[in-house]
Amino acid sequence: LLKDRGYATAAVGKWGLGPPGSSGDPNHHGFDLFFGANCQRNAHTYYPAYLWRNDQQVDLSGPNRGGIPGHFQGRLPDDAPERFKPFKGEAYSPDLMLDEALKFIREHRNKPFFLYFASMIPHLALQVPDEELEPYLALGWDDPPYLGGGGYLPHRHPRAAYAAMISHLDREVGAIVSLVKELGLYEQTLIIFTSDNGPTHVAHVDVDFFDSAGGLRGLKGSLYEGGIRVPMIARWPGTIPGGTVSDHPSYFPDVMPTFMDILGRLDEMPPGRDGISFAPTLLGHAQEQKKHAAMIWEFHGYGGQQAARYGDWKAIRRDLRQGNTNIELYNLATDPGETTDLAAEHPEMVARMRDLMARERSASEVFKMEALDQ
């Protein structure tokens with residue numbers, strides 16, 4: 001939609017919706033430029049053998065450069081420093097991606113542009129340049145080494161590595177914002193930062209140490225709030241009132257209509273979409289903000305899950321692939337941590353949620369959920 005309306009478009013970072021030449025190729029979905037890791041699995045290493053620029057492989061291999069696999073099925077015998085050297089390289093792919101993103105902004109400074117910067121950080125494996133690790137080692141954390149055994153690369157200082165990777169992400173965002181300022185585009189540019197899911201569930205990223213879920217229940221892969229409630233920060237100086245906070249519930253289907261609304265072209269949205277623009281909230285017109293009657297999530301993984309939000313009420317089902325259709329019920333206004341199941345006390349709301357979950361879904365031929373598809 002943006003490309004058709006005169007925007008230069010780029011996706012830089014991680015793409016997992018289809019390799020070059022497939023129906024999911026980013027160049028088939030409106031992006032003039034794609035640069036990065038076009039495969040979720042290949043993106044599990046930050047020192048890959050290659051990246052993609054559109055349909056061309058960019059070779060990063062060579063001694064101590066790239067080609068380090070992101071997975072390790074064994075376990076190191078001890079934590080001697082030399083054991084970890086094979087997992088370090090020189091061509092740190094996030095830096096290459098940031099350079100490409102900054103180049104795209106510079107080259108299109110004189111026309112409208114849309115940059116989707118899908119940073120790989122802070123996914124696994126735990127890899128970060130040594131000099132970025134040093135400030136966290138200096139803190140003297142109790143940081144037991146991760147020797148492997150969980151499928152990902154070992155790291156001698158996993159807590160420090162994870163913190164350093166998030167600081168690297170901070171600097172990536174800072175570099176983009178600084179360039180937009182330098183080019184005199186700051187007041188003409190909407191910048192949104194958000195995440196695809198809650199904190200990771202793998203054991204060697206210590207989410208308890210960092211309090212990563214902030215008191216919410218569940219992690220990545222869960223439809224509890226800890227798995228699906230994510231940060232979103234928006235900045236547009238002179239247009240979005242600074243320092244404001246909103247509790248308007250929205251989700252990713254709302255992004256497309258929001259962008260079209262900002263362009264004044266909401267009436268040109270393709271049919272069949274159920275997203276609601278949150279532009280009124282961004283622009284300080286909360287009184288004009290429409291709200292979802294309900295929001296629905298469904299996930300085939302981790303036993304099969306379904307969740308629905310209706311106002312402050314949240315319903316969730318787990319282990320659907322094992323035939324469990326029982327509904328848990330929580331009130332997010334009084335219990336954002338989803339600690340107390342109120343299903344027995346509010347059977348009328350359970351019945352409403354059950355009807356809602358049935359009415360608002362369609363069966364998938366690929367991700368079958370027999371308990372719901374009958």
Side-chain angles (χ1 to χ4, degrees), residues 3 8-74 83-108 113-133 148 150-155 161-162 164-166 168-169 171-173 175-176 179 196-197 200 202 205:
K3 179 180 172 66
T9 57
V12 176
K14 180 165 65 172
W15 183 270
L17 301 176
S22 72
S23 62
D25 184 330
N27 295 136
H28 294 166
H29 290 272
F31 288 108
D32 300 317
L33 168 69
F34 172 76
F35 181 80
N38 192 335
C39 175
Q40 297 278 20
R41 188 173 180 86
N42 289 351
H44 287 179
T45 175
Y46 290 86
Y47 299 101
Y50 60 87
L51 295 174
W52 287 96
R53 178 177 287 107
N54 297 329
D55 61 353
Q56 300 297 311
Q57 277 194 15
V58 179
D59 183 27
L60 303 180
S61 62
N64 299 321
R65 278 179 52 77
I68 299 172
H71 298 88
F72 180 76
Q73 301 304 324
R83 303 283 189 195
F84 300 88
K85 289 182 179 179
F87 310 116
K88 299 177 182 179
E90 295 177 3
Y92 195 56
S93 59
D95 291 340
L96 304 178
M97 295 174 193
L98 177 61
D99 288 346
E100 194 77 22
L102 298 178
K103 178 184 176 185
F104 171 80
I105 294 172
R106 287 192 185 95
E107 290 179 347
H108 298 91
F113 63 83
F114 170 61
L115 169 64
Y116 168 52
F117 184 66
S119 176
M120 289 167 51
I121 292 178
H123 204 278
L124 296 169
L126 294 175
Q127 292 170 311
V128 70
D130 286 346
E131 62 272 17
E132 298 185 27
L133 196 64
Y152 290 101
L153 302 186
H155 202 284
Y162 195 64
M165 290 172 75
I166 292 176
H168 192 102
L169 174 60
R171 287 190 291 275
E172 290 180 341
V173 174
I176 291 171
L179 179 60
D196 54 346
N197 47 247
T200 184
V202 296
V205 173

Practice task
Heavy atoms only: give me the nearest Ser93-Met120 pair and the separation to one decimal.
Solution key: OG-CE, 3.9 Å
Completion exercise
Across all chains, not counting sequence neighbours, the ring-ring contact (aromatic ring centres under 6.0 Å, His included) partners of Phe113 are none
Practice task
Using ring-ring contact (aromatic ring centres under 6.0 Å, His included) as the criterion, list what pairs up with Phe117, not counting sequence neighbours.
Solution key: none
Practice task
Work out which heavy atom in Ala125 is nearest to a heavy atom in Gly70; give both atom names and the distance.
Solution key: CB-O, 4.0 Å
Handout entry: Audit row: Met97, Leu51, side-chain contact (heavy atoms from CB on, under 4.5 Å) steps and yes/no
Key = CA-CA 9 Å; Met97 295 174 193; Leu51 295 174; 3.8 Å; yes
Handout entry: Closest approach of Phe84 to Pro154 (non-hydrogen atoms, all atoms of both residues)
Key = CE2-CB, 3.9 Å
Practice task
Apply side-chain contact (heavy atoms from CB on, under 4.5 Å) to Leu33 and Glu107, showing your working.
Solution key: CA-CA 12 Å; Leu33 168 69; Glu107 290 179 347; over 6 Å; no
Exercise for the section: State which residues pass salt bridge (charged side-chain N to carboxylate O under 4.0 Å, His left out) with Lys88; sequence neighbours excluded, sorted by chain then number. Expected result: Asp130
Handout entry: Contact check, side chains of Val205 and Met165, non-hydrogen atoms, under 4.5 Å
Key = no
Could you list the donor-acceptor pairs under 3.5 angstrom formed by side chains in residues 98-105, with sequence neighbours left out?
residue, atom, partner, partner atom, Å
Glu100, OE1, Arg53, NH2, 2.9
Glu100, OE2, Arg53, NE, 3.4

Practice task
Could you please spell out the steps behind the side-chain contact (heavy atoms from CB on, under 4.5 Å) verdict for His168 and Asp95?
Solution key: CA-CA 9 Å; His168 192 102; Asp95 291 340; 3.0 Å; yes
Practice task
Nearest 0.5 Å please: distance from the NE2 atom of His44 over to the NZ atom of Lys14.
Solution key: 6.0 Å
Exercise for the section: Identify the heavy atoms of Tyr46 and Pro94 that sit nearest to each other, and give their distance. Expected result: CD2-CG, 3.4 Å
Practice task
Indicate yes or no for a side-chain donor-acceptor contact from Ser61 to the backbone of Gly67 under 3.5 Å, with no hydrogens or angles considered.
Solution key: no
Fill in the blank from the handout: What one should report as the nearest heavy-atom pair of Pro26 and Trp15 is CD-NE1, 3.4 Å
Completion exercise
Residues passing the ring-ring contact (aromatic ring centres under 6.0 Å, His included) test with Phe114, sequence neighbours excluded, are Phe259
Practice task
Taking the side chain as every heavy atom from C-beta outward, state whether Leu153 and Leu126 have any atom pair closer than 4.5 Å.
Solution key: no
Problem - Listed partners of Tyr116 passing side-chain hydrogen bond (donor to acceptor under 3.5 Å, both in side chains), at least two apart - result: none
Handout entry: Closest non-hydrogen atom pair between Ala164 and Glu132, with its separation
Key = CB-O, 3.4 Å
Exercise for the section: State the OG1-CD1 distance between Thr45 and Ile68, to the nearest 0.5 angstrom. Expected result: 6.0 Å
Exercise for the section: With rounding to the nearest 0.5 Å, note down the distance linking OG1 in Thr9 to CZ in Phe34. Expected result: 13.0 Å
Handout entry: Aromatic centroids of Tyr152 and Phe72 separated by under 6.0 Å
Key = no
Handout entry: Whether Asp32 side chain and Ala10 backbone form a donor-acceptor pair below 3.5 Å
Key = no
Handout entry: Over 12 foreign heavy atoms within 6.0 Å of CZ, Arg41
Key = no
Problem - Name of the residue among Asn38, Asn42, Asp59 meeting side chain to side chain donor-acceptor pair (under 3.5 Å) with Tyr50 - result: Asn42
Handout entry: Any donor-acceptor N/O pair, Trp52 side chain to Cys39 backbone, under 3.5 Å
Key = no
Exercise for the section: Give a yes or no on whether the backbone of Gln127 and the side-chain of Tyr92 come within a donor-acceptor separation of less than 3.5 Å. Expected result: yes
Exercise for the section: Report yes if the side chains of Leu96 and Leu60 come closer than 4.5 Å at any heavy-atom pair, otherwise no. Expected result: yes
